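Model, not experiment: these values are computed from the prediction. For the numbers below, each heavy atom of this structure counts, side chains included, while hydrogens, waters and symmetry mates do not.
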Amino acid sequence: MASGKSFALGIIVGGVVGATATLLSTPTSGRELRTKVKDQSLEWKELLENLKLDGLRLKNQIAATSKEGVSLIKDLTHEMKSSIVEWKESVEPHQKNIHQYLEQIESSLKDLEEKVNENKNKEA
């Protein structure tokens, strides 16, 4: 925002310096000079008004864009949370099955180990 103010101030100062230089170096009559100065001041005033309007439009566009961004991020966050909850719900039954299979494998390994130990003891 500071560079916009500096730019506007530069335009105003430049206009004043230009008008002063014109007043001091012009070979035209006072009436013609006053008309030119008046016309030029109207042009500068119109230019400043246009810059002001463009600045306000830009400010409004930035505000609208950031509001849209916040809304999109909220929606995305909500969708991600929902997806994670659904994923957890779909994985939970499989986790239970895998746990049961692991317990069965562990039990089978213990039985096999006991049988191997019994066979070793019988052979010895």
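- To the nearest 0.5 angstrom, Glu43 atom CD is 12.0 Å from Lys36 atom NZ.
- Interatomic distance, Asn50 CG to Lys52 NZ, rounded to the nearest 0.5 Å: 11.5 Å.
- With rounding to the nearest 0.5 Å, the separation of CG in Leu56 from CG in Leu51 is 11.0 Å.
- If you chain together hydrophobic residues whose side chains sit under 4.5 Å apart, Val91 and Ile98 never meet in one group.
- Rounding to the nearest 0.5 Å places OG of Ser108 at 12.5 Å from CD of Glu113.
- Distance check: Met80 CE to Ser82 OG gives 11.0 Å after rounding to the nearest 0.5 Å.
- Taken to the nearest 0.5 Å, the CG atom of Leu48 stands 11.0 Å off from the CG atom of Leu53.
- The one candidate from Asn60, Ile62, Asp54 that meets the side-chain contact (heavy atoms from CB on, under 4.5 Å) condition with Leu58 is Ile62.
- Contact check for Glu46 versus Leu42: no side-chain heavy atoms found under the 4.5 Å cut-off.
- A salt bridge links Glu106 with Lys110: at least one charged nitrogen is closer than 4.0 Å to a carboxylate oxygen.
- Inspection of the Glu103 and His99 side chains reveals an N or O donor paired with an N or O acceptor under 3.5 Å.
- Looking only at side-chain heavy atoms (C-beta outward), Glu49 and Lys45 stay at 4.5 Å or farther from each other.
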